[in-house]
Amino acid sequence: MTPQDIATPCFAIDVEALETNARLLADVKQRSGCRILLATKAYAMWRTFPMLRHYLDGTCASSPYEARLGREEFMGEVEAFSAAYSDLDIKELVQTCDTIIFNSFSQWHRYRDRVAGTARPIRCGLRINPEVSTQTVPLYDPCAPGSHLGICRHEFEGQSLEGISGLHFHSLCEQGAEDLATTWNAVVESFGDLLQGMSWVNMGGGHHITKAGYDVDLLCKLISDAQLRYGLTVYLEPGEAVALDAGVLLTSVLDVRPGIPEVAILDISATAHMPDVLEMPYRPHVYRCGTSLRCENAVEGRDAGSGAYTYRLAGPSCLAGDVIGLYAFDEPLRPGNRLFFGDMAIYSMVKTTMFNGLRHPAIALYHARSNALDISREFCYEDFRNRLA
Ligand SMILES: Cc1ncc(COP(=O)(O)O)c(C=O)c1O
């Protein structure tokens, strides 16, 4: 098989790279005694869950659909967190989750009896906001001023924690253990007295553990600090680290049209298939295919002007801004050529399905004169699951 034989577009998951990441995470578990859950918001190709299950403890979900996917396909521990739950969410989550984490006291008060009244034992936790920013992009910073994610220390005054067995914080994004240390120190400082009475703490995701140069020793030190200081079971819930550099998005050049620089129109679109390219924004690595779907067998596109042929890579959608970026190659691009974008197993792939497993809006016809709504299509768990594989 050569990349030229593969029908495009195609997300291709590199199973061996995925397992290498999983082994590294299992090593962290073994060294530190922590538990690690896969954040399915970042990576949810459930066909690989039986392999990942050998290394990780379960999944963390952002919605009832993701929780059910974890329960049925991963078959490990299932935890859920959402900024807010509906009555229907809770009704479904109590059937699939081992742990439900609440984002406010009002949500906890609203649903605590419902959770306590279920036959299955379910642990409840609260997400805290450490109020210390360790990153500069507000879009990805749950500690940015005005954030709706996590409960600040002052909101705990006068509140009972009966029924709460753990605290959760998540404030990192593609960051090192040094930033976790800053965050953990802030948590100890502001929430240390509350941790005394807890049995677990969840340090969230955003830990770039499988990235070269990540300080695993420091991570293990911070985990043992939480274990020794407070006697806690420590959880991590990385998404990106599980599938980092473990998949590509393969595309074909459809057309090359004149312009300054020339424009290569691909059969993948920034807005439809790689929305982070426009939202963050960021510049993905692109490769001209060689003999395999591995970067080491391909030729990387470089910055504009640093090769003989520079192109603006654009998507086929109607959006004028459906542009992935300017890239230079030593050889000209022609219709039919194959390229791939690197590190596409995370986020890009789930964003093109049903991100976070959120319920998809129904589609209906509204008749204003009679004020009647005719629902044409509703979407369910199977729609979510079947858009993945
Ligand atoms: C609560 C929570 N946990 C875990 C994650 C996974 O983070 P990452 O994929 O960066 O490891 C996220 C990402 O947004 C998150 O919001």
Side-chain angles (χ1 to χ4, degrees), residues 18 21-22 24-25 28-29 34-45 52 55-63 66-67 69-70 74 76-85 89 93 97 99-104 107 125-130 133-135 137-144 147-151 166-177 179-180 183 187 200-211 214 216 219 234-247 275-276 279-280 282 343-351 353 355-358:
L18 191 67
N21 287 343
L24 221 150
L25 294 169
V28 170
K29 279 178 43 177
C34 75
R35 291 178 71 77
I36 300 188
L37 308 177
L38 159 69
T40 45
K41 70 185 77 195
Y43 173 78
M45 185 176 175
L52 292 175
Y55 301 100
L56 307 179
D57 298 292
T59 55
C60 98
S62 316
S63 64
E66 281 194 354
L69 192 77
F74 198 104
E77 191 173 334
V78 179
E79 172 237 278
F81 166 79
S82 173
Y85 303 107
D89 290 342
L93 288 173
C97 288
T99 307
I100 301 180
I101 294 163
F102 293 89
N103 191 41
S104 70
Q107 281 257 306
L126 295 174
R127 177 165 173 172
I128 57 174
N129 185 329
S133 289
T134 52
Q135 53 176 308
V137 184
L139 185 65
Y140 290 91
D141 183 7
C143 294
S147 167
H148 62 279
L149 295 169
I151 307 172
L167 299 182
H168 171 283
F169 61 89
H170 167 80
S171 61
L172 307 182
C173 179
E174 300 186 342
Q175 286 170 266
D179 291 326
L180 176 63
T183 309
V187 169
W200 55 270
V201 67
N202 186 321
M203 297 186 174
H207 316 281
H208 234 184
I209 301 169
T210 48
K211 180 99 178 159
Y214 184 92
V216 172
L219 173 67
V234 177
Y235 282 83
L236 304 178
E237 50 182 35
E240 183 156 339
V242 177
L244 190 71
D245 286 323
D276 280 344
E279 279 175 22
M280 267 181 89
Y282 91 104
D343 200 17
M344 286 288 147
I346 45 171
Y347 289 104
S348 296
M349 190 168 152
V350 283
K351 280 195 163 180
T353 53
F355 190 40
N356 275 216
L358 297 181

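Counting convention: from 1, in listed order, for ligands and their atoms alike.
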| note | Tyr347 heavy atoms within 4.0 Å reach ligand 1 at atoms 6 (C), 7 (O), 8 (P), 9 (O), 10 (O), 13 (C), 14 (O)
| query | At a 4.0 Å threshold, what atoms of ligand 1 neighbour a non-hydrogen atom of Ala42? | reply | 9 (O)
| query | Which atom names give the shortest non-hydrogen contact between Asp57 and Phe74, and what distance separates them? | reply | C-CE2, 4.3 Å
| query | Okay, side chain of Arg127, backbone of His170: is any donor-acceptor separation there less than 3.5 Å? | reply | yes
| request: With heavy atoms of Glu240 as the reference, note each atom of ligand 1 found under 4.0 Å away. | output: 8 (P), 9 (O), 11 (O)
| Which ligand 1 atoms does Gly239 reach within 4.0 Å, using its non-hydrogen atoms? | 6 (C), 8 (P), 9 (O), 11 (O)
| task | Please work out whether the ring planes of Tyr85 and Phe102 are parallel, tilted or perpendicular, with thresholds of 30° and 60°. | result | perpendicular
| query | Is any side-chain N of the basic residue among Lys351 and Glu279 closer than 4.0 Å to the acidic one's carboxylate O? | reply | yes
| query | Should Leu244 and Asp343 be marked as a side-chain contact (heavy atoms from CB on, under 4.5 Å) after you check the CA-CA gap, both sets of side-chain angles, and the distance that decides it? | reply | CA-CA 6 Å; Leu244 190 71; Asp343 200 17; 3.8 Å; yes
| remark: for atom 15 (C) of ligand 1, nearest protein heavy atom and its distance come out as Lys41 NZ, 3.1 Å
| query | Against heavy atoms of Pro238, which atoms of ligand 1 measure under 4.0 Å? | reply | 11 (O)
| task | Tell me, please: is Tyr43 in heavy-atom contact with ligand 1, that is, under 4.0 Å? | result | no
| task | List every atom of ligand 1 that sits less than 4.0 Å from any heavy atom of Arg127, numbering the atoms from 1 in the order shown and giving each element. | result | 1 (C)
| Closest protein heavy atom to atom 3 (N) of ligand 1, given as residue, atom name and distance to 0.1 Å | Glu237 OE2, 2.7 Å
| Donor-acceptor side-chain pairing of Asn202 and Glu237 below 3.5 angstrom | yes
| task | Examine ligand 1 and decide if any of its atoms is less than 4.0 Å from a heavy atom belonging to His208. | result | no
| message | Using heavy atoms and a 4.0 Å limit, tell me yes or no: is Gly206 in contact with ligand 1? | response | yes
| message | Within this structure, what is the CD-CD1 distance for the pair Glu174 and Ile346, rounded to the nearest 0.5 Å? | response | 6.5 Å
| Around Lys211, counting heavy atoms of other residues, nucleotides and ligands shown, do more than 12 lie under 6.0 Å from its NZ? | no
| request: For atom 5 (C) of ligand 1, find the nearest protein heavy atom and state the residue, atom name and distance (0.1 Å precision). | output: His170 CE1, 3.6 Å
